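Note that ligands are numbered from 1 as they come in the structure, with each ligand's atoms numbered from 1 the same way. Quick caveat: nothing in here was measured; it's all calculated off a predicted structure. For this chain, numbers begin at 1 and follow the sequence in order.
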Amino acid sequence: MFGKKNKKQEVQVDDRLRHIAFIMDGNGRWAQKRGMPREFGHSHGGDTFKKIGRYCQKIGIKYMTVYAFSTENWKRPQKEIDTLMKLLDDYIEDAFREMYEDNVRVKFVGNLSVFPESVREKMAKIEKETEQKPFTLNIAINYGGREEIVHACNKLIKEGKESITEEDVSASIYTAGQPDPDLIVRTGGDIRTSNFLLWQSAYAEYYFTKTLWPDFSERDVDAAVAEFYSRKRRYGGV
Ligand code: IPE
Ligand code: IPE
Ligand code: MG
């Protein structure tokens, strides 16, 4: 049963929904509502990420992308940036590797050149070790959709291309080789892309919810999936 759930049967997706992406927004507001510093929201958001990742794998999703840190998020106070980087480092140390019974292929998408060599080496090591796993988890970090497209074009110029095709760009972006997201979910109530997956989202279905990311649950995934299956994807046809 697609996008619906009854007592016996879990929601299961099919090939129409291979790739789901999340703009995990609302951590700061979630914490502030509780009189806590924004950083408190990020650590709870990390728990939600693990829970939702596990659930997406269970219902048959093959690719999941999460927006963890944008190219614009460097504008935040240094203390908050430090917390987010520490959280990332903790995840690199253990969680990404162990998270879902070894079935996860971890991929970092974004401009990684800003990170220290030691961090980049650890990222490359996890990517290598998990390369053959069936569930792809893209962590978008220092990610910006415009940066990604410009980076892809520069890569093609370096390869000596004089003119480029859509296929060339698709093969040069950070998610090269993966299907485009079918469904992009944004929590936190804002209705914008904030520079996420600009190239890949050309025909994605969007789902916006006011629920703040730390409150986002498996049932919210079910609701997004049900909404997805109720949509008619025409791709410009009739
Ligand atoms: C999203 O939550 C997480 C990151 C951007 C890293 P926010 O930190 O943007 O939370 P709000 O939107 O301010 O509530
Ligand atoms: C988008 O959220 C980036 C991430 C979730 C990592 P932001 O909170 O940075 O987006 P804006 O500033 O509200 O557009
Ligand atoms: Mg936000």
Side-chain angles (χ1 to χ4, degrees), residues 19-53 55-56 61 63-93 95-96 99 106-115 119 123 136-151 173-175 181 183-201 204-217 220-221 224:
H19 188 168
I20 186 166
F22 293 95
I23 302 175
M24 310 184 287
D25 198 22
N27 291 348
R29 280 166 283 164
W30 184 88
Q32 280 163 339
K33 261 174 50 181
R34 286 161 177 75
M36 300 296 281
R38 295 175 54 83
E39 288 76 7
F40 182 69
H42 295 314
S43 87
H44 277 266
D47 295 339
T48 302
F49 154 69
K50 283 193 249 183
K51 176 180 77 183
I52 298 303
Y55 187 65
C56 285
I61 301 279
Y63 299 84
M64 171 172 156
T65 301
V66 291
Y67 206 2
F69 195 88
S70 76
T71 46
E72 286 72 39
N73 287 148
W74 300 105
K75 292 177 192 158
R76 295 187 177 206
Q78 193 56 44
K79 182 166 162 275
E80 183 171 345
I81 294 173
D82 290 347
T83 302
L84 287 164
M85 291 304 144
K86 171 79 176 67
L87 213 59
L88 173 75
D89 202 52
D90 290 348
Y91 275 80
I92 289 176
E93 286 298 335
F96 290 142
M99 225 183 292
V106 178
K107 177 129 182 64
F108 296 94
V109 298
N111 183 347
L112 306 181
S113 69
V114 299
F115 297 108
V119 175
M123 289 175 174
T136 298
L137 173 64
N138 297 310
I139 314 289
I141 175 100
N142 192 29
Y143 176 88
R146 288 187 170 183
E147 193 280 338
E148 177 180 45
I149 295 166
V150 170
H151 179 268
I173 54 176
Y174 299 126
T175 56
L183 174 62
I184 299 179
V185 174
R186 181 174 188 143
T187 61
D190 285 310
I191 302 180
R192 54 174 171 260
T193 71
S194 301
N195 204 10
F196 189 46
L197 303 179
L198 296 184
W199 180 268
Q200 298 89 329
S201 64
E205 296 296 327
Y206 277 94
Y207 180 85
F208 296 98
T209 171
K210 290 201 168 91
T211 303
L212 303 173
W213 178 254
D215 288 329
F216 196 73
S217 70
D220 294 314
V221 176

Atom nearest to the Mg ion (ligand 3) - Asp25, N, O or S atoms considered
OD1

Quick one: does Trp213's side chain have a donor or acceptor within less than 3.5 Å of a partner on Gly45's backbone?
yes

Asn195 side chain to Arg146 main-chain N or O, any donor-acceptor pair under 3.5 Å?
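Indeed, once roles are kept as given, a pair shorter than 3.5 Å links the two residues.
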
For ligand 1, indicate whether the residue [X] contacts it via side chain, backbone, both or neither (heavy-atom separation under 4.0 Å).
X: Arg38; value: side chain
X: Lys33; value: neither
X: Ala68; value: backbone
X: Asp190; value: neither

What residue and heavy atom of the protein are closest to [atom], and at what distance?
atom: atom 6 (C) of ligand 2; answer: Tyr67 O, 3.3 Å
atom: atom 9 (O) of ligand 2; answer: Asn73 ND2, 2.9 Å
atom: atom 13 (O) of ligand 2; answer: Arg192 NH2, 2.8 Å
atom: atom 14 (O) of ligand 2; answer: Ser194 OG, 2.6 Å

Within the structure, is a non-hydrogen atom of Gly188 found at a distance of less than 4.0 Å from ligand 1?
no

Under 4.0 angstrom from ligand 2, any heavy atom of Lys75?
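Contact check Lys75 vs ligand 2: negative.
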
Ignoring hydrogens, what is the shortest heavy-atom contact between Leu183 and Ala224? Give both atom names and the distance.
CD2-O, 4.0 Å

Pick one of side chain, backbone, both or neither for how [X] approaches ligand 2, counting any non-hydrogen atom pair under 4.0 Å.
X: Glu72; result: neither
X: Arg29; result: neither
X: Phe69; result: backbone

Heavy-atom distance to atom 12 (O) of ligand 1: which of Asn27, Ile23, Asp25, Ile141 wins?
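Selected option, by shortest heavy-atom distance: Asp25.
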
Is [X] in polar range of ligand 1, meaning some N or O pair under 3.5 Å apart?
X: Leu84; answer: no
X: Arg76; answer: yes
X: Trp30; answer: no

If you measure only the distance, is there a donor-acceptor pair under 3.5 Å linking the side chains of Gln200 and Tyr174?
no

Pair Lys86 + Asp90, salt bridge at N-O below 4.0 Å
yes

